[in-house]
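Here is the structure we will look at.
Every number for a ligand or one of its atoms is a count from 1 in the order of the listing.
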Amino acid sequence: MSTDREVLPVGELLALIDNRTSVAGVVGLGYVGLPLAVESARSGYRTLGYDVLPQVVDGINRGTSHILDVPSPLLAKYVEAGLITATPDASRLRECDTISICVPTPLSKTKDPDLSFVMQATRTVAESLRPGQLIILESTTFPGTTRDVVLPVLEETGLKAGQDFFLCFSPERVDPGNAVWTTRNTPKVIGGITPTCIEVAGAFYSRIFDTVVPVESAEAAELVKVYENTFRMINIALVNELAQVCERLGVDVWDVIEAAATKPFGFMKFTPGPGLGGHCIPLDPHYLAWKMKTLQYRTRMIEVASEINADMPQYVVRKAADALNHEGKSLSGSRILILGVAYKKDIDDLRESPALDIIRLLQEKGADVAFHDPFCTVIRDDGHTTIRGLPMHSLPLTRAVLASADLVVVVTDHTTVDYQFVADQAPLVLDTRGALRSITGQACVIGLSGAVEHPGERQQPRRTWAEVTATT
Ligand SMILES: NC(=O)c1ccc[n+]([C@@H]2O[C@H](COP(=O)([O-])OP(=O)(O)OC[C@H]3O[C@@H](n4cnc5c(N)ncnc54)[C@H](O)[C@@H]3O)[C@@H](O)[C@H]2O)c1
C-alpha cells in the first residue's frame with residue numbers, strides 16, 4: 001500500500017512531464033513568472049498562470065504583455081494556441097501537475113524579510129494540493145524557507161513531501177533587459193526537500209531550461225541565490241568606494257577600472273553608479289543577514305557594503321552641489337534634469353531606483369527637478385516615496401529642455417539616449433555612469449569621481465575681484 005503511494009505519483013508525473021502532457025502552473029505573473037510561463041509554453045507545456053491582479057490576468061489573456069522582456073506578439077501567439085491561459089481562480093491550480101511560485105519577497109520597513117506573499121501563495125497552493133503535484137518555489141528568500149515555512153503548510157493537508165507531492169526551491173536568476181542571458185539559457189539551480197523531489201523538478205526544468213544544476217538541498221539552492229546577489233552587492237559597494245577614493249586622490253575612476261579589467265585572471269569588472277536599485281540586489285542580502293541574526297551571526301560584509309551603497313544618492317547630491325558650485329550656482333533654485341530614472345539601463349523598472357532618492361534629496365535642497373526616461377515615462381505616487389509633485393512625467397529630450405537645465409544628472413545610462421546631443425546642448429552634466437566619457441561637446445562634464453572630464457567649449461571663466469575693480 002505505502003509502496004504504491006511512493007511509486008505511483010512520481011512515475012505518473014515523470015511520464016506526463018516526459019510526453020509534455022503535464023500542465024504547468026505559475027503563481028505570480030510578474031517579471032519572473034511571465035517569462036517562465038512563456039518558456040514553459042515554448043517547451044510545449046500547456047501553462048496556467050494564476051495572479052491576484054485582475055488587470056494582469058486580463059492583459060495576458062488578451063495577449064498583451066506588461067513585462068518588457070516578453071514581447072506581446074510572442075505572448076499572443078501562445079495565448080491564441082491555447083498554451084498560455086491566465087486565471088484569477090485559485091481553485092484551477094488543481095488542474096496543474098507542476099506549480100512554480102513566483103511571488104514578491106520584499107523587505108518590511110525594518111528591513112526584515114516580508115514573506116507574506118509567499119505565505120499567501122503557499123496557502124493557496126495547499127488548498128488545491130493533490131497527490132502527484134510538483135511545487136517549486138522560485139521567489140528569492142533566506143535558507144530554510146522552503147523546508148521550515150512552505151513545507152509545513154503543504155503537509156497540513158495530510159500529504160507528504162517526497163512521497164505524495166514534490167517540493168523544491170529553484171532560484172530565478174533572470175536579468176531583465178539582458179538580451180544574451182535569458183530565462184532559458186541561464187543555468188537553473190534546483191534543490192529539493194528529498195532526492196526524489198530534485199529528480200522530478202530536474203526532469204521538468206531540463207525540458208524548459210538549457211542547463212539544470214542540482215544541489216544537495218533546498219537550503220543550498222536558497223543560499224546560492226542570496227550569495228550571488230550578495231557577491232554583486234558587495235562588489236558594487238567596493239567600486240562605489242573606489243570612486244570616492246579616486247575623488248580624493250584626483251584620479252579618474254574609469255581609467256583605473258578599465259586598466260584593472262585588462263588583467264586576464266582574478267579580477268571581475270564592476271562599475272560605480274548612483275546606488276543600488278531593483279527588486280534583488282538591494283534586498284536579497286538582507287534576507288541572508290536576517291537569517292544569520294537568528295543564528296547569532298552578524299554578516300559584517302553585508303552591513304558595511306549596504307551602508308556604502310545606501311549613501312550613494314547622498315554622494316550624488318553632494319556632487320551635484322559641487323558641479324553647480326563650479327558654475328557659481330546653488331542647488332536651491334536650480335533646474336535639474338535627471339536623465340534616466342529606471343534602476344538600470346534599458347529597462348522600465350523603477351523599484352528601489354536610486355533616482356527616486358536623488359530626486360527627493362534634490363527637492364529637499366530646493367532644486368526644481370524634472371526627468372527624462374525613454375522607458376519609465378511617469379513616476380507615480382506608490383505610497384512610499386515622498387517626492388513632491390507626483391505624478392511626474394518624463395520631459396522630451398529636446399534642445400530647449402537640455403539648454404534650460406542648470407544641470408543634467410545622468411542617473412541611468414539607457415543606450416537609446418543620444419549622449420552626443422546631451423553634451424552638445426546641456427551646459428553642465430554630472431555623469432554618474434560614465435555615459436559621456438568618450439564624448440566631447442559644449443557641456444562641462446563632471447564624473448562620479450569628481451574629475452572635470454570635459455571642461456566644455458563655452459565655459460567662460462568668471463572675472464576675479466581684481467579684474468572687476470580694474471574695469472570700474
Ligand atoms: N525581477 C527580477 O529581476 C527578479 C530576478 C530574480 C529573482 N526575482 C525574485 O522573484 C520573485 C518575484 O519577483 P518579480 O520581480 O517577478 O515580482 P513582480 O512584482 O513583478 O510579480 C509578482 C506577481 O505576483 C503576483 N502575486 C502576489 N501575490 C500573489 C499571490 N498570493 N498569488 C498569486 N499571485 C500573486 C503579483 O500580483 C505580481 O503580478 C521575488 O522573490 C524576486 O526577488 C526577481
Side-chain angles (χ1 to χ4, degrees), residues 25-39 48-61 64-70 86-93 96 99-107 113-128 135-143 145-146 149-150 153 169-178 181-183 186-189 209 221-222 224-230 232-233 276-288 342-353 382 384:
V26 178
V27 173
L29 297 166
Y31 286 90
V32 166
L34 190 58
L36 177 60
V38 166
E39 288 312 322
L48 182 68
Y50 162 68
D51 202 288
V52 288
L53 290 180
Q55 66 270 30
V56 166
V57 168
D58 293 346
I60 291 171
N61 286 335
T64 308
S65 170
H66 60 296
I67 301 295
L68 206 60
D69 283 345
V70 175
T87 180
D89 177 3
S91 68
R92 289 197 60 192
L93 289 174
C96 302
I99 299 177
S100 305
I101 302 176
C102 312
V103 295
T105 43
L107 291 175
D114 172 3
L115 284 189
S116 58
F117 296 93
V118 170
M119 288 306 294
Q120 181 57 45
T122 304
R123 281 193 289 268
T124 303
V125 169
E127 277 164 24
S128 54
I135 315 299
I136 307 175
L137 179 63
E138 298 264 337
S139 305
T140 306
T141 184
F142 55 80
T145 308
T146 309
V149 179
V150 174
V153 177
F169 182 81
S170 179
E172 180 50 65
R173 294 159 131 181
V174 66
D175 180 20
N178 190 330
W181 294 105
T182 61
T183 297
T186 303
K188 196 81 174 98
V189 171
F209 298 93
E222 289 160 336
V224 166
K225 174 71 188 184
V226 283
Y227 171 60
E228 286 167 3
N229 282 357
T230 301
R232 201 164 162 71
M233 188 270 261
L276 293 181
H279 194 332
C280 296
I281 312 292
L283 275 59
D284 301 351
H286 292 285
Y287 268 72
L288 181 58
Y343 81 83
K344 67 172 188 173
K345 69 174 165 189
D346 300 340
I347 63 162
D348 63 352
D349 194 346
L350 267 173
R351 291 179 299 177
E352 313 284 329
S353 174
D382 60 0
H384 303 299

If you round to the nearest 0.5 Å, how far is [atom2] of [Y] from [atom1] of [X]?
{"X": "Asp114", "Y": "Leu107", "atom1": "CG", "atom2": "CG", "result": "8.0 Å"}
{"X": "Leu36", "Y": "Ile101", "atom1": "CG", "atom2": "CD1", "result": "12.0 Å"}
{"X": "Ser170", "Y": "Ile136", "atom1": "OG", "atom2": "CD1", "result": "6.0 Å"}

Counting distance only, does the side-chain N/O of [X] pair as donor-acceptor with the main-chain N or O of [Y] below 3.5 Å?
{"X": "Ser139", "Y": "Val103", "answer": "yes"}
{"X": "Lys225", "Y": "Glu172", "answer": "yes"}
{"X": "Thr105", "Y": "Thr140", "answer": "yes"}

[X]-ligand 1 polar pair, N/O distance under 3.5 Å:
{"X": "Val32", "answer": "yes"}
{"X": "Asp51", "answer": "yes"}
{"X": "Tyr31", "answer": "yes"}
{"X": "Glu172", "answer": "no"}
{"X": "Thr140", "answer": "yes"}

Nearest non-hydrogen protein atom, [atom]:
{"atom": "atom 32 (N) of ligand 1", "answer": "Tyr50 CE2, 3.4 Å"}
{"atom": "atom 41 (O) of ligand 1", "answer": "Thr105 OG1, 2.5 Å"}
{"atom": "atom 4 (C) of ligand 1", "answer": "Cys280 SG, 3.4 Å"}
{"atom": "atom 24 (O) of ligand 1", "answer": "Gly28 CA, 3.3 Å"}
{"atom": "atom 26 (N) of ligand 1", "answer": "Val52 CG2, 3.8 Å"}
{"atom": "atom 21 (O) of ligand 1", "answer": "Gly30 CA, 3.2 Å"}

### Message
Does any part of the side chain of Asp175, heavy atoms only, come nearer than 4.5 Å to the side chain of Trp181, both counted from C-beta?
### Response
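Heavy-atom side-chain distance check fails, nothing below 4.5 Å.
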### Query
Is any side-chain heavy atom of Ser65 less than 4.5 Å from a side-chain heavy atom of Leu34?
yes
### Message
Just to be sure I'm reading this right: ignoring hydrogens, which of Val103, Asn229, Ile347, Asn178 gets closest to atom 29 (C) of ligand 1? Compare them by their nearest heavy atoms.
### Response
Val103
For [X], take its heavy atoms, then give the atoms of ligand 1 lying under 4.0 Å from any of them.
{"X": "Val27", "value": "32 (N), 33 (C)"}
{"X": "Arg351", "value": "1 (N), 15 (O), 17 (O), 18 (P), 19 (O), 20 (O)"}
{"X": "Leu53", "value": "37 (O)"}
{"X": "Phe117", "value": "27 (C), 28 (N)"}
{"X": "Pro176", "value": "3 (O)"}
{"X": "Val174", "value": "3 (O), 5 (C)"}
{"X": "Lys225", "value": "6 (C), 7 (C)"}
{"X": "Gln120", "value": "31 (N)"}

### Task
Scan Val26, Leu29, Thr183 and name whichever one has a side chain to side chain contact (heavy atoms under 4.5 Å, CB included) with Pro35.
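Going through the options one by one, the only one that passes is Thr183.
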### Task
Would you mind telling me which of Glu352, Met233, Glu228 makes a side chain to side chain contact (heavy atoms under 4.5 Å, CB included) with Ile281?
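Of Glu352, Met233, Glu228, side chain to side chain contact (heavy atoms under 4.5 Å, CB included) with Ile281 is met by Met233 alone.
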### Message
Between Lys188 and Glu138, does any NZ, NE, NH1 or NH2 come within less than 4.0 Å of an OD or OE carboxylate oxygen?
### Response
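Salt bridge flag = yes for Lys188 with Glu138.
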### Query
So, Glu222 and Thr146: side-chain donor and acceptor under 3.5 Å apart, yes or no?
yes
